[in-house]
Amino acid sequence: MSHTSAEPDPAPDDPRLMAKWARAYGQNRSLGVAVFIVIFVALFAAIGIPSHFAGEALRAGNTPVLWVALAALAVAAVAMVFLATPRWGGNSKNASFGVSTLRKATSRSLRRRRAT
């Protein structure tokens with residue numbers, strides 16, 4: 001005995017399929033992972049590139065380039081502290097902005113997906 005539903009399968013161009021796809025895509029965690037990868041690569045570049053130029057400037061005796069590179073490293077250090085501190089940008093239950101907002105959004109969508 002086969003079980004047939006009262007409602008046939010939707011056609012490929014049915015708008016309900018688009019809504020279902022959008023809901024599943026919105027609950028996908030890969031977007032959050034991609035954003036974090038971009039942030040980590042940006043921090044790596046913000047530390048690595050000025051470090052390279054600071055070393056080259058120090059060896060060449062080019063003081064203005066050295067100071068610019070050190071200033072860029074200071075900005076990168078502040079950004080890293082901001083992103084790593086739970087109250088400002090890191091993982092915290094009480095954080096209201098920064099990177100933790102993205103974490104909260106992805107965890108909320110994951111909980112909703114598990115509940116359905």
What donor-acceptor contacts under 3.5 angstrom involve side-chain atoms of residues 62-84, with partners at least two apart or in another chain?
none

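- Counting Ile, Leu, Val, Met, Phe, Trp and Tyr side chains that sit under 4.5 Å apart, directly or through other members, Phe53 shares a hydrophobic cluster with Ile49.
- With rounding to the nearest 0.5 angstrom, the CZ atom of Phe40 is 13.5 Å from the CZ atom of Phe44.
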